[in-house]
Amino acid sequence: MSLVLSPEEFRVLDGLRFAPRKSFSGRVRGERLTKKKGISIEFADYREYSEGDDLRHLDWNVLARLQTPMMKTYQDEEDLAVYVVVDLSPSMDFGEPSKLTVGRQLACMFGYIGLCNQDAIYPATLPMVANPIKGISGVGAGLRGRSSYPALARWTTTLQPARGNSLAMSLREFATARLRQGLVILITDSLDPDAPSLVRSLGGRGHELCMVQVLTPEEIDPDVEGDLRLLDAETDAVVEITANSLALEGYKKNLNAHLAAINEACRRIGGRYTLVRTDESLVNLFKERLRREGWFAT
């Protein structure tokens, strides 16, 4: 079975932990300290060790006496709900590698970080199509622990472009779903003109959004010229243009304005935004840029 990620990528991700700006109520004890005031850090109970647990909470005295690994839990530890959402719009099937191929890798990388820290990882897609994990539609069942990573990897390998609602409509459907509040990691090319307004709706539902916009080098800086016949991957509409310097300058201006609007919308709701090129190193993305921008605590 393919684990999607390389050994180098696993090594870079080990030790990282999500650093949400908001505080969310957990459903089960996890490995994350809540920001709620009035709750002291007090020992609560023991539980058996499971693969992927943080060894800092292992009771070494119990291990020495009983030869049984037991983990300490605390009253103010809670799990974090993390929705790993992958855009399956037909436009994601563009590029070499395709944006969806990179999206699958990103979903595995973000999911692995949460699983290693006992966060609850909920796989999801836009549009909210049937989910292979336990047959749940739209949003998959919560996964926890490092041992759940193979299930997450298998899920990403099943993802294929799907026609359906526009990205804006799919985001609206996700935002209005009765989901537990948490961290939403949205992996998308986000080329829908209405995307910035829908970003704000996610914040209004109490989620914290981390948007990862994936674009190809050709989309960011197209190197084309002459008379072209363009086919819209979403609607099959055909547009004929003459790609000259003036047209390309207008395209780049509109694209930069769109990216700036999305970035500003994320900032206004307290979320995060980053642009990922399909030809860039994901190892460097996680090891350097996202850590520097505060996406993770170590």
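Keep in mind it's a predicted model, so treat the numbers as computed, not measured. FYI, side chains are in, hydrogens and waters are out, and symmetry mates aren't considered; it's all heavy atoms of this structure.
Using a 4.5 Å cut-off between side-chain heavy atoms of Ile, Leu, Val, Met, Phe, Trp and Tyr, with links allowed through other members, Leu115 and Phe10 fall into the same hydrophobic cluster. Residues Phe94 and Ile220 fall into different hydrophobic clusters, defined by Ile, Leu, Val, Met, Phe, Trp and Tyr side chains chained together at heavy-atom separations under 4.5 Å. Residues Leu246 and Tyr251 are members of separate hydrophobic clusters, defined by side-chain heavy-atom contacts under 4.5 angstrom among Ile, Leu, Val, Met, Phe, Trp and Tyr.
Electrostatic pairing of Arg277 and Asp221 does not count as a salt bridge here, judged by no charged N lying under 4.0 Å from a carboxylate O. At a threshold of 4.0 Å, the pair Glu264-Arg268 counts as salt-bridged, since one of the basic side-chain nitrogens sits closer than that to a carboxylate oxygen.
For Thr188, the side chain to side chain donor-acceptor pair (under 3.5 Å) partners are Asp87, not counting sequence neighbours.
If you take SG on Cys108 and OH on Tyr149, they are separated by 3.5 Å, rounding to the nearest 0.5 Å. Here the OG-CD1 distance, from Ser148 to Ile121, works out to 9.5 Å after rounding to the nearest 0.5 Å. In this structure, the separation between OH on Tyr112 and CG on Leu3 is 10.0 Å, given to the nearest 0.5 Å. Between the CD atom of Glu8 and the NZ atom of Lys287 there is a distance of 6.5 Å, given to the nearest 0.5 Å. Once rounded to the nearest 0.5 Å, the distance linking OH of Tyr83 with CG of Leu183 reads 10.5 Å. Note that the CD atom of Gln160 and the OG1 atom of Thr158 stand 8.0 Å from one another [nearest 0.5 Å].
Using a 4.5 Å heavy-atom threshold, the side chains of Leu126 and Leu186 count as touching. In this structure the side chain of Val12 never reaches within 4.5 angstrom of the side chain of Glu9, judged on heavy atoms. The shortest distance between side-chain heavy atoms of Thr125 and Trp155 falls below 4.5 Å. Considering only heavy atoms from C-beta on, Ile262 comes within 4.5 Å of Pro196 through its side chain. Counting only heavy atoms from C-beta outward, the side chains of Trp295 and Ile113 never approach each other to under 4.5 Å. Looking only at side-chain heavy atoms (C-beta outward), Tyr273 and Val199 stay at 4.5 Å or farther from each other. Using a 4.5 Å heavy-atom cutoff, the side chains of Val4 and Gln105 are in contact. Within the 4.5 Å cutoff, no side-chain heavy atoms of Phe18 are placed close to those of Asn117.
Checking side-chain atoms of His207 against main-chain N and O of Gly182 turns up a donor-acceptor pair under 3.5 Å. No donor-acceptor pair closer than 3.5 Å links the side chain of Glu280 to the backbone N or O of Leu285. At distances below 3.5 Å, at least one donor-acceptor pair connects side-chain atoms of His258 with backbone N or O atoms of Ser190. Side-chain N or O atoms of Arg21 include one that pairs as donor or acceptor with a backbone N or O of Gly271 at under 3.5 Å. In terms of modelled atom types and a separation under 3.5 Å, the side chain of Arg272 and the main chain of Gly294 share a donor-acceptor contact. Glu208 places a side-chain N or O within 3.5 Å of a backbone atom of Lys22 that can act as its donor or acceptor partner. No donor-acceptor pair under 3.5 Å is formed between the side chain of Arg17 and the backbone N or O of Ala297.
Of all non-hydrogen atoms in Ala153 and Thr156, the two that sit nearest each other are O-OG1, 2.7 Å. Ala124 and Phe174 get closest at one heavy-atom pair: CB-CE1, 4.3 Å. Taking all atoms of both residues into account, the shortest heavy-atom contact from Pro222 to Leu248 is CG-CD2, 4.0 Å. Shown here for Asp59 and Asn61, the closest heavy-atom pair between the two residues is OD1-N, 3.0 Å. Smallest separation of non-hydrogen atoms from Ser89 and Pro161: O-CB, 4.5 Å. Here the closest heavy-atom approach between residue Pro150 and residue Arg146 is recorded as CD-O, 4.2 Å.
Within a 6.0 Å sphere centred on CD of Glu288, other residues, nucleotides and ligands contribute more than 12 heavy atoms.
Sorted by first and then second residue, the pairs that involve residues 90-100 and meet salt bridge (Lys or Arg N to Asp or Glu O under 4.0 Å), not counting sequence neighbours, are Lys99-Asp189, Lys99-Glu219.
Checking Leu191, Thr278, Val102, Val276 one by one against Leu215, the side-chain contact (heavy atoms from CB on, under 4.5 Å) holds for a single residue, Leu191.
A side-chain N or O of Thr216 and one of Glu218 form a donor-acceptor pair less than 3.5 Å apart.
Below 30°, between 30° and 60°, or above 60°: for Phe286 and Phe110 the angle between ring planes is between 30° and 60°, a tilted geometry.
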